[in-house]
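Scroll down for the structure; my scribbles are underneath it.
Remember, it's a predicted structure, so these values are computed and weren't measured experimentally. In what follows, every chain begins at residue 1, and chains take the letters A, B, ... in the order their sequences are listed.
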2 protein chains.
Amino acid sequence: MEFLLNQDAILKSLVADNLVSDPSSARGRLLHEAAGLFRDKGYERTTVRDLAAAVGIQSGSLFHHFRTKEEILKAVMVETIRLNTALMQAAVDEAGTDRDKLRALVRAELESINGQTGEAMAVLVFEWRSLSEPSQAEVLELRDIYEAIWLDVLGALSRKKVLLADPFVIRRMLTGALSWTVTWYRPDGGLSLDDLTTQVMAMMGLGSST
Amino acid sequence: MEFLLNQDAILKSLVADNLVSDPSSARGRLLHEAAGLFRDKGYERTTVRDLAAAVGIQSGSLFHHFRTKEEILKAVMVETIRLNTALMQAAVDEAGTDRDKLRALVRAELESINGQTGEAMAVLVFEWRSLSEPSQAEVLELRDIYEAIWLDVLGALSRKKVLLADPFVIRRMLTGALSWTVTWYRPDGGLSLDDLTTQVMAMMGLGSST
DNA sequence: TTACAAACCAAGCGCTTGCTTGGTATTGTC
DNA sequence: GACAATACCAAGCAAGCGCTTGGTTTGTAA
C-alpha cells in the first residue's frame with residue numbers, strides 16, 4: 001500500500017517537473033493508448049488513424065500535438081524510461097543490504113514490465129528498431145542512467161564475491177530474461193510477481209537460504 | 001571441426017527431405033536475404049522491392065515463388081526452427097551427463113542465435129507479431145517440439161535436485177536471456193561463445209566446480 | 001464582450017505498398 | 001530439336017499510408 005502511494009507520489013513529482021505527461025491530459029492519454037497499440041500491433045502496423053480513433057479525434061488532429069508519428073513512439077519510450085528510472089532508484093534506496101537492493105531491482109523491473117507501464121516497456125524492447133537513429137541515441141542516454149543503477153548494485157555484490165558470474169553478463173542476461181516475461185507471464189497463472197522474483201534470485205544462487 | 005561437419009550433414013539431410021531449402025537454390029537464397037533484411041529493418045519496413053533487389057529480380061517475380069509476403073516470413077521461421085531443432089537434438093545426443101546435455105543446449109542455442117542462423121533466429125524473436133494468427137499456430141507446433149528437448153533435460157536435472165529453481169521458469173528465463181544476446185554479443189569482443197556458455201552455466205549454479 | 005490562441009474537423013494530396021497481369025526468356029526432357 | 005514447364009520482366013492498379021491545408025469550435029482571460 002505504501003509502495004503504491006509511493007509510486008504515485010513519484011509519478012506526480014515527475015509530472016510536476018514536466019518530465020512525464022499527466023496521464024489524464026490529452027497528451028498523456030494518447031501516449032497511453034499509443035503504447036497499447038504499439039505493443040499489440042507493432043509500431044508500423046499501427047496507423048495514425050488507429051491512434052486518433054483510440055482517443056476519439058481525427059487523424060489530422062494528431063499532428064497538432066506531435067509533429068510526426070515517430071515523435072509519438074519516442075515520447076512513449078522517453079517517458080517510460082524516466083518514470084521507471086525514478087521508480088527503480090526509489091526501490092534501491094528503500095532496500096537495506098545489497099542483496100535486498102538486487103531483489104528490489106528485480107521485483108521493480110518485473111513490475112514495470114508486467115504492471116502499469118508494461119505496454120510501454122514492451123514497446124521499448126520490441127519497437128527499438130522503429131526509432132530513427134538520432135532518436136535512438138537520445139533514448140540511449142537515458143537508458144545509461146537506468147543501467148547505472150543496476151550496475152552499481154551488481155558491482156557491489158561482485159566485490160563481495162557473492163555473484164556466480166560477471167556482473168555485466170549477469171545484467172544483460174537479466175535484461176533479456178526479465179523482458180521476456182512479457183511474452184509468457186500472466187498474473188492469474190498461480191505465480192505472483194513476488195514468487196517470480198524469488199525464483200529469479202534463487203536461480204542466481206541468491207535465494208533466501210544461507 | 002567434426003562439429004561443423006556434423007552441422008553440415010544435418011543440413012544436407014533436411015534439404016534431402018525437403019524440410020529446409022537448399023541454401024544455394026533460388027528459394028534458399030531469397031530466404032537467407034529475407035532473414036537479413038527482416039532482422040535489420042523489421043518485416044514491415046522491408047518491402048517486396050527490397051527483397052527482390054536483394055536477389056536481383058523484379059518485385060513482381062517474387063510472387064512466382066511465394067504467394068504473399070507473409071509466406072516468406074513464415075518460411076524463414078519454419079525452416080529455421082526445423083534446422084535448429086535438428087541441431088539441438090544432435091547436440092543433446094552427443095553429450096553424456098544431463099549437465100553436459102544442458103551445457104550443450106545452451107551452447108547450441110547461443111550458436112544458433114549468434115552464428116549462421118542468427119538473422120533468422122532474431123526474426124523469430126522480434127517479428128513474431130507480424131505473423132498472422134493461423135501461421136503463428138503452425139509455427140508454435142514446431143516450437144513445441146523444440147522446447148520439449150529443453151524440458152526433457154531440465155526435468156531430469158530437476159529430479160536430481162541440482163536446479164535452483166523451477167525448470168519451466170528456468171527455461172523461460174533462459175529463452176529470454178539467450179535470445180537477448182543478439183542485441184549485445186559481438187564475437188570480436190573478447191568473449192567467445194564458449195566463455196559465454198560457461199558464464200551462463202555458472203550463473204545457474206551449474207559451473208564446472210563441485 | 002471581445003480578443004486570441006489552442007484544439008479540433010473535413011477533405012484530400014502525393015506517395016508507397018503488396019500484388020496482378022500479359023507477355024518473354026530460359027531451362028530441362030524425350 | 002520440339003515443347004512444355006518454369007522463371008522472369010515491364011508496367012501498373014487499387015488501397016492505404018503519413019501528413020497538410022484551410023477553416024471552425026472551444027477555452028481563457030481582460
Under 4.0 Å: is that the gap between some side-chain N or O of A/His65 and OP1 or OP2 of C/dC8? yes
Check against side-chain contact (heavy atoms from CB on, under 4.5 Å), B/Leu131 and B/Tyr43: CA-CA 9 Å; B/Leu131 209 62; B/Tyr43 170 77; over 6 Å; no
Can you check the A/Phe66 CZ to C/dA6 P distance for me, whole Å? 16 Å
Are there over 12 heavy-atom neighbours, none belonging to A/Lys12, within less than 6.0 Å of that residue's NZ? no
Distance, rounded to the nearest Å, where A/Leu62 contributes CG and C/dA10 contributes P: 15 Å
Rounded to whole Å, please give me the gap between CZ in A/Arg49 and C1' in D/dC19. 9 Å
Could you state the CD1-C1' distance from B/Ile57 to D/dC8, rounded to the nearest angstrom? 8 Å
Atom NZ of A/Lys69 and atom P of D/dG16: how far apart are they, to the nearest Å? 15 Å
Options D/dG18, D/dC19, C/dC9, nucleotide nearest the side-chain atoms of A/Thr68: D/dC19
Distance-only donor-acceptor check, side chains A/Asp195 and A/Gln199, under 3.5 Å: no
Any side-chain donor-acceptor pair under 3.5 Å between B/Asp194 and B/Ser192? no
If we only count heavy atoms from C-beta on, is the A/Glu70 to A/Ser135 side-chain gap below 4.5 Å? yes
State whether B/Ser61 places a side-chain N or O below 4.0 Å from either non-bridging phosphate oxygen (OP1 or OP2) of D/dC9. yes
Distance below 4.0 Å between B/His64 side-chain N/O and D/dC8 OP1 or OP2: no
Which residue lies toward the 5' end of DNA chain D, B/Ser59 or B/Gly56, if each is placed at its nearest nucleotide? B/Gly56
Tell me the interatomic distance from A/Leu73, atom CG, to D/dG18, atom C1', rounded to whole angstroms. 15 Å
Rounded to whole angstrom units, what separation is found between the CD atom of B/Glu44 and the P atom of D/dC17? 11 Å
For B/Gln58 and C/dC19, what is the distance between atoms CD and P respectively, to the nearest whole Å? 17 Å
Measure from the side-chain heavy atoms of B/Phe63 and tell me the nearest of C/dG18, D/dA7, C/dG12. C/dG18
